[in-house]
Amino acid sequence: MTLEHPVALAPADRAVQLLGGDLTEKSLRLHLEGLSGVDAVGLEQRAASLGTRSIKTTSKAWAIDTIIRLVDLTTLEGADTPGKVRSLVAKALQPDASDPGCPRPAAVCVYGDMVPIAVDALGANQGLDTGGINVAAVATAFPSGRASLAVKLADTRDAVAAGADEIDMVIDRGAFLSGRYGRVFDEIVAVKEACRRDDGSYAHLKVILETGELNTYDNVRRASWLSILAGGDFIKTSTGKVSPAATLPVTLLMLEVVRDWHRLTGEQIGVKPAGGIRTSKDAIKYLVTVAETVGEQWLTPHLFRFGASSLLNDVLLQRQRLRSGHYSGPDYVTVD
Amino acid sequence: MGFLEYAPAPESRSILQLRDRYGLFIDGQFVDGSGDPFTTISPADEQPIAEIARADSADVDKAVAAARRAYDQVWSRMRGSDRGKYLFRIARLVQERARELAVAESLDNGKPIKESRDVDVPLVAAWFFYYAGWADKLDHAGLGADPKALGVAGQIIPWNFPLLMLAWKIAPALAAGNTVVLKPAETTPLTALLFAEIVQQADLPPGVVNIVTGAGDTGAAIVDHPDVDKIAFTGSTDVGRAIARSTAGTGKKITLELGGKAANIVFDDAPIDQAIEGIVNGIFFNQGHVCCAGSRLLVQENIHDEVIDRLKSRLSTLRLGDPLDKNTDIGAINSSEQLERIRQISAIGEEEGAERWTAPCELPSQGFWFAPTIFTNVSTSNRIARDEIFGPVLSVLTFRTPDEAIKKANNTPYGLSAGVWSEKGSRILAVADQLRAGVVWANTFNRFDPASPFGGYKESGFGREGGRHGLGAYLAPASAPVRNRVLAPTDAGDDAGRPSLETQPAAGATGASESGASSGGSKPKSSRSKKGEAK
């Protein structure tokens, strides 16, 4: 890449607005490399101090219900079957068999080929905006992302056509780590376009950075900016298939990017930590971090999600305890 | 109600079993004081906590005499490894009673429980653990083989970190083989008295640690006491000067840790979010009652507006209120006098033309409170840029080049600490090298560790606390001449029963048995006679 032959990038609106009309790999790189650095010790210290907030009584009750509303109930296994997906949907529709008033998760998250099963099982209950539950599909050769662009786009279109409301895509970490930011950018723009439905509306696009493979906080900040500039509706930490998955410092950092984007443009971007959040106690730390970083208006399913499978049952146990005053046990919540 | 108005999460006070009144801790026991007792209150609601004895000079005489006895007969004769065992025991007891100590500290001082719980008390234990390890390794303290203790140390500590300052003073003194008479600040005596209980629990030989409570008079009685060999003081520069004057020519060794007006320098390549946290932590930690607080923010001019903007939104999320609530970030100002001082200097700041901004927060009606405040448009000649405010007030100045930053940072009579924020390692090292401050933090602020020496340049005092250097402040080389103590007649009278140190170097042999420790052999004879033979 030289100045004489700048590589033009897909003209995504946000990037054009921020970086100007002559959007090139060079201008994108200059922007990403010009971002302020991240001090790892300081970031982790701040995350740890947010983790010491003590959330009690009425605040805890509100937090528990909110966590349930923010969960993307997930099954992403090679062994997934239609039966497993139907069971997951049933759990999402009625999380706590002992309490019909229990709030419902935001979405179920499945592999692309399971979208028709999930759509069928949800029936009239599909659709977050109509008081129901969304269907989210992972796409773009999840989790590794190692496939040609054509395959990734076909994967995405297939899920959208089958009725997915949300697409969780992975970025090309290989391209990112070798400095080919333009390639990552163009791919996100293309996938976003593949999310377009026949009626002109778009499936919501969550961009998975796979922070466990990006390794440094500086990389996470750059990838977050890149994903937002390319048009992502959400930035998401992880696939859940790589360790470490979501951590509080990484999520805090991504929230800081989202906050800065909001200060700059007034636009609200969502954040989704996924993988490794298993207990109510952990999830509450995330709520505190969201509220104290971007503000509590972010605590809605349109702007914050937990990607989790086992979290829901732990939260339900806590919810039962708050209501009844005593601890129950794992046999009092259903396995999905 | 929004989520961010977290429901109250108060730490329980029931863990504290306080007495209604506390005496002086002399020779291993609580005894009545001769002065008029005073009441210590909680600065958060002005409610009384306990009645505290006031030591007059006769009480101080008794405390010093007890310390001298313990030094001559027990502590200086004890093997270092055995002194270490006592210090380890104290450290473990501090950990065992950590919650109780944290609650007492927040109650008496007004600092948020999360700070006393997560910072103060863990550091107290760490300090005793660290110096416990030194007690049998004094040969490596940097003063040559077989260094000797100084004798009786008089220690006067401030109210901002009551128990932590006690640990900074007592741990190295005891490890080096000194005995101590310590006076906590008048407004925060509580945890020192709980510490006296820990000393009893640890079965420390009587007289090794003595704690006398009172105000400035009591402190002066310690400083002027002829039988005290060492004065360690942390507090204001004015009092430090007075101490330096009154100890001049007496041969007493002194360490002074005084005021500060630290510069926190933020370059335009700083990690911005962490720098904001660091600025907040630098000046609003402990309500700004920190001698090393980063009270002068020096920010590179090209990022000034952005930094101030971000700082303001961050400050708006700070939670001010009940110090015992686990979610409180900013507690109460320690006393009405201090609050008045902060108000006065802030008012002067406005008069001198600086622009004042105060975080939006509701102040409780009872108690002493001051909302986090920043001043912009501050020039180097303003009083808010020169005087130590010792409160949650930040003065913001700008600079254009590293040279200017260094000049402005050093342009203060103080020199206790400084901070540098930059992603560029070479710049950090180059700037830190030229800052005339005892501690320079890079990309962090207000971090403490027992292994790291702490102390000031210029009017911030002299001597170092912490680390090997802090130990050296309580030791003299084996060859050093021994100080000539001139005992006042009253002192001799009070201690008629005590063997005269000047004339009977071997006295106290009987008392040695109470040490219980197998010390008799190794060094006691020599150190005893060194101390006793008078110079």
Side-chain angles (χ1 to χ4, degrees), chain A residues 33-67 70 217-218 221 249 252-260 262-264 284 286-300 304 322, chain B residues 1-12 112-115 117-119 266-282 285 303 306-307 309-310 312-314 316-319 324-329 419-425 428 441-447:
Chain A
E33 290 179 349
L35 293 169
S36 132
V38 182
D39 185 76
V41 175
L43 178 71
E44 286 166 12
Q45 206 180 340
R46 171 70 177 145
S49 85
L50 286 165
T52 66
R53 290 292 192 208
S54 187
I55 305 303
K56 302 288 183 201
T57 58
T58 50
S59 296
K60 186 169 182 183
W62 187 88
I64 294 283
D65 280 7
T66 303
I67 292 166
L70 298 177
Y217 292 123
D218 286 332
R221 171 169 279 183
L252 168 61
L253 174 58
M254 290 164 63
L255 286 163
E256 285 172 349
V257 173
V258 162
R259 177 201 60 199
D260 289 347
H262 182 244
R263 285 160 59 96
L264 201 64
I284 288 175
Y286 282 84
L287 291 197
V288 165
T289 303
V290 173
E292 297 204 20
T293 308
V294 279
E296 62 180 285
Q297 72 270 27
W298 245 261
L299 291 175
T300 86
F304 193 76
L322 280 180
Chain B
M1 187 192 83
F3 175 61
L4 272 171
E5 287 158 50
Y6 304 135
E11 178 62 84
S12 167
I113 186 78
K114 72 168 191 183
E115 283 174 14
R117 178 195 67 196
D118 297 344
V119 182
V266 180
F267 287 100
D268 62 0
D269 62 351
I272 195 75
D273 289 310
Q274 287 73 50
I276 298 293
E277 286 307 313
I279 295 166
V280 172
N281 185 41
F285 173 67
I303 54 164
E306 189 189 356
V307 166
D309 200 29
R310 286 171 180 265
K312 284 177 181 172
S313 34
R314 174 68 179 93
S316 308
T317 69
L318 288 177
R319 321 168 75 81
L324 286 179
D325 192 304
K326 294 173 200 161
N327 292 324
T328 293
D329 299 316
V420 184
W421 294 84
S422 167
E423 275 276 284
K424 192 166 179 173
I428 290 174
W441 284 291
N443 289 342
T444 188
F445 212 94
N446 276 343
R447 296 271 265 187

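Quick note on labels: first sequence line is chain A, next is B, and so on, each numbered from 1.
Taking the six-membered ring for Trp and thresholds of 30 and 60 degrees, B/W441 and B/F445 have ring planes inclined between 30 and 60 degrees apart.
Using a 4.5 Å cut-off between heavy atoms, B/A270 contacts chain A through its backbone alone, with no side-chain atom that close. Contacts between A/L287 and chain B at a heavy-atom distance below 4.5 Å involve backbone atoms as well as side-chain atoms. Residue contact with chain A, scored on non-hydrogen atoms closer than 4.5 Å, is absent for B/D268. For A/R46, the part sitting under 4.5 Å from any heavy atom of chain B is the side chain, from C-beta outward, and nothing else. For A/E256, the part lying under 4.5 angstrom from a heavy atom of chain B is the side chain only.
Salt bridge A/R53/B/D329: present, at least one basic N to carboxylate O contact under 4.0 Å.
Between chain A and the options B/K114, B/R319, B/R310, the largest number of non-hydrogen pairs under 4.5 Å is found for B/R310. Taking chain A as the reference chain and counting heavy-atom pairs below 4.5 Å, the highest number among B/L4, B/D269, B/T317, B/D309 is found for B/L4. Note: B/D273 leads B/D325, B/T444, B/D273, B/I272 in heavy-atom pairs under 4.5 Å with chain A. Among the candidates A/T57, A/V288, A/V41, the residue making the largest number of heavy-atom pairs closer than 4.5 Å to chain B is A/V288. Across B/K326, B/E277, B/Q274, the residue that shares the most heavy-atom pairs under 4.5 angstrom with chain A is B/Q274.
Judged purely by distance below 3.5 Å, without hydrogens or angles, the side chains of A/S54 and B/N327 never pair a donor atom with an acceptor atom.
Two residues are said to be in side-chain contact when any heavy atoms from C-beta on lie closer than 4.5 Å; A/E44 and A/Y217 meet this criterion. Between A/I67 and A/I284, the closest side-chain pair of non-hydrogen atoms falls below 4.5 Å.
One N or O on the side chain of B/N443 and one on the backbone of B/S422 form a donor-acceptor pair closer than 3.5 Å.
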Query raised in the report: When you look at B/I279 and B/V307, which way does the side chain to side chain contact (heavy atoms under 4.5 Å, CB included) test go after all the steps?
Result: CA-CA 10 Å; B/I279 295 166; B/V307 166; 4.1 Å; yes
